[in-house]
Amino acid sequence: MSALQETITGETPVEATPKKYIALGNYASVVVVLLLIVAPLFMKNFHIFQMTMVLIYAIAVLALNILTGGSGQFSLGQSAFYAVGAYTSAILMETFGVNYAVTLPIAGLICFAFGFAFGQPALRLSGIYLALATFALATAMPQLLKLGYFEHWTGGVQGLVITKPDAPFGLPLSQDMWLYYFTLVISMVIYVFSVNLLKSRSGRAMMAIRDNEIAASAMGVDVALYKTLAFGISAGITGVAGGLGAIAVQFVAPDSYTIQLAIALFLGMVVGGVGWLPGSIAGAAFIVFVPNMAESVSKGLSGAVFGLILIAIIFLLPHGARQIAYTVQHWFNKLVHR
Amino acid sequence: MDLLTNQILAGIATGAIYACMALAVVMIYQAIDHLNFAQGEMAMFSTFIAWQLMQWGLPYWWAFIATLALSFAGGVIIERLLFKPLANAPVLTNVAGFIALFAIINSVAGLTWDFTIKQFPSPFGSSPFLGSQLISTHQAGMIGVTLVLLLLLYLFFQFTRVGLAMRAAATLPESARLVGINTSWMVALGWGMAAAIGSIAGMLIAPVVFLEPNMMGGVLIYGFAAAVLGGLSSPFGAVVGGFLVGVFENLAGTYIPEVGNELKLPIALALIITVLVIKPNGLFGRAIVKRV
């Protein structure tokens with residue numbers, strides 16, 4: 001049961017650094033951000049949509065990373081929080097006519113409350129047991145969304161259709177393009193928030209719990225509070241991603257938020273590198289593009305191709321994209337300091 | 001009253017399947033401390049092999065034995081090829097490995113045998129058991145096989161040298177290695193046995209749910225639930241957990257009006273989480289005390 005915590009610790013975890021400045025990242029991240037800003041100018045609308053989905057999943061993977069990489073808790077139920085966020089946005093927009101941008105913080109807050117509440121009973125569970133509990137949440141969610149009681153709001157099995165927002169202020173941008181930049185801004189805000197969260201006092205408390213719960217509590221860390229807080233924050237961020245996802249796809253339905261989504265987010269985290277926040281975007285790219293790639297290699301065996309790619313990654317890069325980044329950085333330093 | 005007895009018996013019968021899956025889950029969990037997410041797909045693949053052998057004209061019991069042997073070998077090979085190299089990798093990497101295995105097996109089975117639903121014969125027949133209307137012979141057979149399996153495992157772990165070595169390798173690998181036990185092969189053996197037990201579960205449930213590549217999805221979840229409920233360190237607990245989950249699932253589906261078929265699974269899982277919150281190591285699991 002402690003195996004999970006031990007191994008997460010074993011693989012160069014997030015460093016606990018004191019908060020001296022607001023972290024904005026280094027040159028590499030500036031390059032990545034510039035690429036993200038410029039790239040869509042040369043793309044077709046469909047590819048811009050795919051890039052938007054990458055950013056949205058990156059937010060969700062980031063949220064899982066805060067939970068697992070930060071506080072050492074393991075969740076297979078992120079799809080449930082994503083669904084709550086998506087439905088919150090969808091219902092507010094379609095039933096109440098709320099502006100799409102305003103629905104996102106509301107979705108985040110509702111999911112925060114939801115995650116915080118779920119974190120309470122989950123406190124007593126760890127490792128595999130927590131995985132099963134969150135898994136149960138993920139399997140229950142599509143069924144709950146289909147229930148007759150809520151059909152008036154959720155549209156039942158059929159789901160809800162959402163109108164795509166136009167670019168504001170008469171900006172000469174296509175809907176896809178506008179939504180992409182809108183998502184990009186939000187994901188950057190969330191990224192900066194997350195990096196600083198992990199560097200803050202609360203972040204260090206979470207990491208102390210991850211590394212050794214008993215020692216942390218002996219040092220006066222309120223274990224229960226920080227564990228539930230980690231669940232709440234992770235759920236809240238996932239909720240924002242869910243809301244954005246609903247707006248981008250223009251549709252919510254119970255079967256879009258099954259356990260498969262939760263597994264995809266989990267794979268995104270592993271492929272990106274557990275506890276390494278920039279890896280979230282690499283992980284998100286993996287879950288958006290690799291299934292398509294596998295499909296194009298062989299229709300009948302797409303699952304097998306996907307599985308083999310995944311195995312290749314975990315064998316060659318057990319620490320995910322973070323490993324590539326470290327290697328590149330190492331070469332770069334050598335080159336510069338020669 | 002008849003309905004109640006009937007539902008409880010039917011629950012015990014499906015519980016037998018969950019118990020088999022849970023036994024397989026516990027075998028691997030004991031060996032490598034991970035839940036095998038691909039266990040259900042492995043069992044499904046084994047069942048397809050049995051079906052194929054029977055299509056080629058082998059009688060049921062010969063196909064049964066051949067499938068056990070092939071599954072055992074398959075389990076050992078998967079461990080050697082895929083999970084031995086990952087033995088020291090982080091838990092989450094291992095989970096990703098299980099998911100990859102799941103995708104591969106599911107896809108290969110789908111391509112080889114396609115997704116149409118196939119009949120699978122029952123060795124026990126489907127007539128009422130001993131003339132009673134409450135339970136069919138196949139259901140009685142499922143319960144019987146599970147209990148025999150549990151007894152065999154008990155005898156194996158309690159009274160054979162290999163069983164003792166496996167238990168030693170699972171509890172204290174370093175010390176086991178010092179007394180000359182090949183712990184690495186004990187893990188492979190655990191995988192082989194788990195694959196064989198899983199194949200029995202698959203062959204028992206195939207006559208009920210019919211044979212197709214996605215047949216084990218739900219069963220595996222119940223198997224996990226049963227194993228966790230009973231305590232992941234106890235094969236006996238896994239079997240009891242299986243029967244409990246089966247009975248509870250059936251009763252909830254019958255007597256709670258809103259539940260029906262759709263919500264059976266969430267309700268069963270909710271119950272299990274409730275149990276776990278009260279008793280975090282499962283009903284029969286050992287509490288682990290940690291030192292700092």
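Labels below follow one simple rule: chain letters A, B, ... track the order of the sequence lines, proteins then strands, and each chain is numbered from 1.
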B:F236, CZ atom: more than 12 neighbouring heavy atoms under 6.0 Å: no
Proximity breakdown for A:L301 and chain B, heavy-atom pairs closer than 4.5 Å: both
Part of A:M141 within contact of chain B (heavy atom distance under 4.5 Å): neither
4.5 Å side-chain heavy-atom contact, A:F266 and B:I99: yes
For B:I104 against A:A304, the heavy-atom pair lying closest together: CG1-O, 3.7 Å
Leading residue by heavy atom contact count with chain B [cutoff under 4.5 Å; candidates A:L137, A:V271, A:L310, A:V305]: A:L310
side-chain contact (heavy atoms from CB on, under 4.5 Å) between B:V95 and A:V270, worked out: CA-CA 9 Å; B:V95 176; A:V270 172; over 6 Å; no
Heavy-atom proximity to chain B below 4.5 Å, by part of A:L76: side chain
Nearest-0.5 Å distance, OG1 of residue B:T93 to CG of residue A:L317: 11.0 Å
Top contributor to chain A contacts, counting heavy-atom pairs under 4.5 Å, from B:S107, B:P85, B:A96: B:S107
For chain A, the option from B:A225, B:A103, B:G97, B:G110 that forms the most heavy-atom pairs under 4.5 Å: B:A103
Region of B:F37 that comes under 4.5 Å of a non-hydrogen atom in chain A: side chain
Atom group of A:L308 that falls short of 4.5 Å from chain B, counting heavy atoms: both
Spacing of B:L92 atom CG and A:F74 atom CZ [to the nearest 0.5 Å]: 5.5 Å
Heavy-atom closest contact (B:A100 atom, A:G307 atom, distance): CB-O, 3.5 Å
Interface moiety of B:L35 toward chain A, non-hydrogen atoms closer than 4.5 Å: both
A:Q260 CD: over 12 foreign heavy atoms closer than 6.0 Å: no
Side chain / backbone / both / neither for B:I105 at chain A, heavy atoms under 4.5 Å: neither
